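Data first, discussion second: the structure below is written as structure tokens.
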Amino acid sequence: MPELPEVEIVRQSLNKKITQKKVKKVIVRNRNLRFKLPLEFESFLKDKKIEKVTRFSKYIILNFTNQSYCVIHLGMSGTIHFINENKKNCFTNTSFYSSVQMPKKHNHVEIIFVKDIKIIFNDPRRFGFFEIIKNKQLLKKRFYRFGPEPFDKKFNKKYIYSYLGCKKKNIKNFLLDQFFVSGIGNIYASEILFLSKINPSRKGNTLKEKECKKIVISSRKVLSDAIKKGGSSIRDFKNISGNRGNFQKNFKVYQRENLNCKRTNCRGVIKKKIISKRSSFFCNTCQK
DNA sequence: CCGTTAACCTGAGAGC
DNA sequence: TGCTCTCAGGTTAACG
């Protein structure tokens, strides 16, 4: 489901809700996630206190006060629900896939804090996963191969131009490659290329420096706009606190096949093309 | 090393 | 209704 903006929204609300809270109990109903949940998972979390909740790329990182960590990936369909037993019907805006009614069937992990506050990890497809990381060095090691996030100043024209070099892979796949750039997924890759006026099928080695610059600017714009709008909710998601993702209303190309191009003075029509088994949307007229 | 493919899963929606 | 097929916001092991 979630790309950088959606994960950031989840991080923000989690950070508000569980900072300084101590884990009282962990219940695992299904260990068979994308990677099998380690056997020591429950005991590792128990009695640890949350210092803060951070994020790298599409990963949520629970930072414990003793400098250890729990890394969470939501996969395609994972959601985190916040529940305060003292205030019934209190959900955070951490769901982008499911409706308010959580199908209990897919509640795989519950982390219960003091004062009857808990978070529930729900994931129908089970592509999501948890990892425990014992110290700062190991956390650094976990992400050392990852490319910079678009907001990082290392993600600049020169970096992109030299990384693409003579490589023949198409630019759409580069944007999805987390070792090149971290946090972009299938929706935002299409949106970023539209804003950059670059056709998703263009081979990496054909991009000019000026186009690399455009990718820097547009990826920052698309992702930060999406965060401002609370992320994208493709399914008809609503939650009780009333917050929901709204960026889907701003999509210029994603899921707009056969509709008119939104760029001023462009009379093009949005096309859909399967690139490496994943759908890409683009304007055949203004994306060269 | 590079680029592509299959595999991991469930559920919704389309078409018959 | 019910069956089959396709598709979905991601990652990674394996292959040529």
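Here is how names work: the chains are called A, B, and so on, in the same order as the sequence lines, proteins then strands, and each is numbered from 1. Here the structure is a predicted model, which means the values were calculated and not measured.
In this structure, A/R125 does not reach the B/dC8 phosphate: none of its side-chain N or O atoms is under 4.0 Å from OP1 or OP2. Using a 4.0 Å cut-off, some side-chain N or O of A/K58 falls inside it from OP1 or OP2 of C/dG10. An OP1 or OP2 oxygen of B/dT5 is reached within less than 4.0 angstrom by no side-chain nitrogen or oxygen of A/S276. Contact annotation: A/H73 side-chain N/O to C/dG10 OP1/OP2 distance is not under 4.0 Å. For the OP1/OP2 pair of C/dT11 and a distance below 4.0 Å, the side-chain nitrogens and oxygens of A/Q178 include at least one atom meeting the criterion. Listed pair A/K105 / B/dG11 meets the phosphate criterion, a side-chain N or O lying under 4.0 Å from OP1 or OP2. Of the side-chain N and O atoms in A/H106, one or more sit less than 4.0 angstrom from OP1 or OP2 of B/dG11. Between A/K277 and B/dT4 there is no side-chain polar atom (N or O) within less than 4.0 angstrom of OP1 or OP2. A sub-4.0 Å separation between OP1 or OP2 of B/dA7 and a side-chain N or O of A/R34 is absent.
If you take CG of A/N173 and P of B/dC2, they are 15 Å apart, rounded to a whole angstrom. To the nearest angstrom, P of C/dA8 lies 8 Å from CG of A/N186. Per the geometry, CZ belonging to A/F130 stands 16 Å off P belonging to C/dT11, to the nearest Å. Spacing between atom CZ of A/F129 and atom P of C/dT12 amounts to 6 Å, rounded to whole angstrom units. Atom pair A/F56:CZ and C/dG10:P shows a separation of 16 Å (rounding to whole Å applied). Atom C1' of nucleotide C/dT11 and atom CD1 of A/I72 are separated by 17 Å, given to the nearest angstrom. Spacing between atom CG of A/L176 and atom P of C/dT11 amounts to 9 Å, rounded to whole angstrom units. Remark: C1' of C/dT11 and CZ of A/F143 are 13 Å apart, rounded to the nearest angstrom.
Applying the Watson-Crick and G-U wobble criteria (two distances, each under 3.5 Å), C/dG9 pairs with nothing in any strand. When both distances must be under 3.5 Å, the Watson-Crick or G-U wobble mate of C/dC15 is B/dG3.
Ring planes of A/F130 and A/F121: perpendicular class, angle over 60° (limits at 30 and 60°). Below 30°, between 30° and 60°, or above 60°: for A/F129 and A/H73 the angle between ring planes is below 30°, a parallel geometry. Classified by interplanar angle (parallel below 30°, tilted 30° to 60°, perpendicular above 60°), the ring pair A/Y163/A/Y159 is tilted.
For the P atoms, the distance linking B/dA6 with C/dT6 amounts to 14 Å, nearest Å. Going from the P atom of C/dA14 to that of B/dC9 covers 15 Å, rounded to whole Å.
Checked against C/dA8, B/dC2, C/dT11, the side chain of A/K167 finds its nearest nucleotide in B/dC2. Side-chain atoms of A/K272 lie closest to C/dA8 of the nucleotides C/dA8, C/dG9, B/dC8. Here the side chain of A/R126 is nearest to one of C/dG10, C/dA8, B/dC9, namely B/dC9. In the set B/dG3, C/dT12, B/dG11, B/dG11 carries the atom at the smallest distance from any side-chain atom of A/P124. In this structure, of B/dT4, C/dA8, C/dG10, it is C/dG10 that holds the atom nearest to the side chain of A/E3.
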For this session: Could you go through the side chain to side chain contact (heavy atoms under 4.5 Å, CB included) check for A/I234 and A/Q255 one step at a time?
Result: CA-CA 10 Å; A/I234 286 181; A/Q255 288 187 337; 4.1 Å; yes

Problem set entry | Trace of the side chain to side chain donor-acceptor pair (under 3.5 Å) decision for A/Y69 with A/E51 | CA-CA 10 Å; A/Y69 308 87; A/E51 187 207 334; over 6 Å; no

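Within a 6.0 Å radius of NZ in A/K213, other residues, nucleotides and ligands contribute 12 heavy atoms or fewer.
Within 4.0 Å of A/F179, counting heavy atoms only, lies no atom of the nucleic acid at all.
In this structure, the aromatic ring of A/F127 is positioned over the six-membered ring of the base of B/dC8, centres within 5.5 Å and planes within 30°.
Between A/F146 and A/F143, the ring centre distance stays below 6.0 Å.
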